[in-house]
Number of protein chains: 2
Amino acid sequence: MSSGRGPRRRRRPEEAERAILAAARAFLTERPFREMTIDGVMVRTGLSRPAFYAYFRDRYDLVTRLLEGIGGVLFAVDRRWLIGASDGLEEAREALAAALRGVSETFASYGPVLRAIADAASQDPQVEEVYRRGLIERLVGAVAARISRDVRAGLSPDDLDPEQTARALVLMTERYLLDAFGAPSSRSSEDERAVVAGALEKIWLRTLYGP
Amino acid sequence: MSSGRGPRRRRRPEEAERAILAAARAFLTERPFREMTIDGVMVRTGLSRPAFYAYFRDRYDLVTRLLEGIGGVLFAVDRRWLIGASDGLEEAREALAAALRGVSETFASYGPVLRAIADAASQDPQVEEVYRRGLIERLVGAVAARISRDVRAGLSPDDLDPEQTARALVLMTERYLLDAFGAPSSRSSEDERAVVAGALEKIWLRTLYGP
DNA sequence: GTGTCTACTGACATGATGTCAATAAAGACG
DNA sequence: CGTCTTTATTGACATCATGTCAGTAGACAC
């Protein structure tokens, strides 16, 4: 055994931070968040464990930073349906289906990281705040707004409670996609993604726009 | 402060075990699982921390035992719809609605404990096994079977993938109800439960049996 | 070559966990 | 009642991840 910790090397702070984030991502594609120890991440960077604390407060802070960027993508792929006008039924159906395919792709790409965030959210109040309030609730709000518009426009049945329906559908999508793509070290095939996105599509479409 | 730990008292093993389970339940109605430390539970029983290990392996074993019984209830309230024959549409709709109301009631009663199990499942492989494989997956299987029957009977559209649809709907129900009733120290009103069960009903019914 | 700045680390303190040998209640038996 | 046996219970210990901090040693400036 000779990979002690290597000779002391000095990096730019920003470079070290990126190295830690990359090491964490790599770790999470192999093993679940519950096994992610700070030392386990730092050995992959060649830095010592205490160096971690120069860049992050704790491992919850670390996964929070991993979420940056991904959150934006999740909104971006839904954008067309979320902000679209309630013009026609066909257009709405098509935009929603595209949004769900986009979200599925995103989960397929970032699954293990998103899974880690979701796991961390149940263990740390700060992560819970960022993930639930800052991501899930914002999605719920946006979806609820779109549902409200569709109900008013007569595209969707008026016995729907927009807020509650939005919350149920968003939570379903989150958990179901984490279930499908969140496991570490599991790559997903083209078909798998199609099947998964298809199942979500049917439920969303039937609920909001009928058969 | 004089409630040191009290004079040494001896209980029947079974009695002590019940006391620990009760203390854990009490704890979880006040504070989340992430704050549940073994000592924090044991002070409520008047026993010392090491005594805990005579009855449970660790806190994950403890929450697993809290799940016993509740799991059965979750199947019992669904029973009529789950095992029912695919006779008529109205009967199916009514049975499904009743099942969802029953599940909502159960979550309203045992919310904090179920939330604790769900949280623990992301932190411990054993709990994950019991909760996901032993409860969620079994529900998914039963629901998928019912959906298959309904599709064959022509009650539900045949473009549904029974397995995937069942998984998405069950996960939705789980997370949405945990969201509504899982928070410690939050009692739920009659209306709240009605609103919540109503939102779920609409989604399940529209998806499986149309408008 | 000398000095300054600061990235980095070794060593320490803390807090929760799980174990074990030793202790002392409670009931059995005389 | 006294004594014995059983075993529920505990104090003390070992472990492990965490977070902190004073001190060390790269890198760049001059």
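Side-chain atoms are counted along with the backbone in the values below, which use heavy atoms only and exclude waters and symmetry mates.
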Sugar-phosphate only, base, or nothing, as touched by A/R11 at under 4.0 Å among non-hydrogen atoms: sugar-phosphate
Once you round it to whole Å, what is the distance between C1' of C/dT6 and CG of A/L47? 14 Å
Check the interface with nucleotides 24-27 of chain D: list each N/O to N/O pair with the protein under 3.5 Å, or write none.
unit_1: D/dT24; atom_1: O2; unit_2: A/R8; atom_2: NH1; d: 3.1
unit_1: D/dA25; atom_1: O4'; unit_2: A/R8; atom_2: NH1; d: 3.0
unit_1: D/dG26; atom_1: N2; unit_2: A/R10; atom_2: NH2; d: 3.1
unit_1: D/dG26; atom_1: N3; unit_2: A/R10; atom_2: NH1; d: 3.3

Are any of B/S48's side-chain N or O atoms less than 4.0 Å away from OP1 or OP2 of D/dG11? no
If I take atom CD in residue A/E15 and atom P in nucleotide C/dT6, what distance separates them, rounded to the nearest angstrom? 17 Å
Nearest-angstrom distance from the residue atom CD of A/E35 to P of D/dA17: 12 Å
Residues in residues 20-32 of chain A with a heavy atom under 4.0 Å of DNA chain D, by number, are none
C/dT17 OP1/OP2 closer than 4.0 Å to side-chain N/O of B/T37: yes
Side-chain atoms of residues 29-36 of chain A: list all donor-acceptor pairs with protein atoms under 3.5 Å, sequence neighbours left out, distances to 0.1 Å.
unit_1: A/T29; atom_1: OG1; unit_2: A/A26; atom_2: O; d: 2.7
unit_1: A/E30; atom_1: OE1; unit_2: A/R44; atom_2: NH2; d: 3.1
unit_1: A/E30; atom_1: OE2; unit_2: A/R44; atom_2: NH1; d: 3.4
unit_1: A/R31; atom_1: NE; unit_2: A/E35; atom_2: OE1; d: 3.0
unit_1: A/R31; atom_1: NH2; unit_2: A/E35; atom_2: OE1; d: 3.1
unit_1: A/R34; atom_1: NH1; unit_2: B/S122; atom_2: O; d: 3.3
unit_1: A/R34; atom_1: NH2; unit_2: B/E128; atom_2: OE1; d: 3.0

I need the full list of salt bridge (charged side-chain N to carboxylate O under 4.0 Å, His left out) pairs touching residues 194-204 of chain B, with sequence neighbours left out, sorted by first then second residue. B/R101-B/E201
Verdict with supporting geometry, A/E17 and A/R12, salt bridge (charged side-chain N to carboxylate O under 4.0 Å, His left out): CA-CA 9 Å; A/E17 186 173 315; A/R12 297 258 191 66; over 6 Å; no
Just how far, in rounded Å, is C1' of C/dC5 from CZ of A/R12? 15 Å
Tell me which residues in residues 50-66 of chain B put a heavy atom below 4.0 Å from DNA chain D, sorted by number, or none. B/P50, B/A51, B/Y55
Between atom CD1 in A/I38 and atom P in D/dC16, what is the gap in whole Å? 17 Å
Side chains of B/Y110 and B/E105 only: does a donor on one sit below 3.5 Å from an acceptor on the other? no
Do A/Y209 and A/D150 have side-chain atoms, one donor and one acceptor, less than 3.5 Å apart? yes
Sorted by first residue and then second, give each salt bridge (charged side-chain N to carboxylate O under 4.0 Å, His left out) pair with at least one member in residues 67-82 of chain A; sequence neighbours left out. A/R80-A/E94
Just how far, in rounded Å, is C1' of C/dG10 from CG of A/D39? 14 Å
Interatomic spacing from OG1 in B/T165 to CG in B/L160 - rounded to 0.5 Å: 4.5 Å
Is the positively charged end of A/R167 above the ring of B/Y176, judged by distance under 6.0 angstrom from the centroid and angle within 45° of the axis? no
A/R49 CZ to C/dC12 C1', straight-line distance once rounded to whole Å: 11 Å
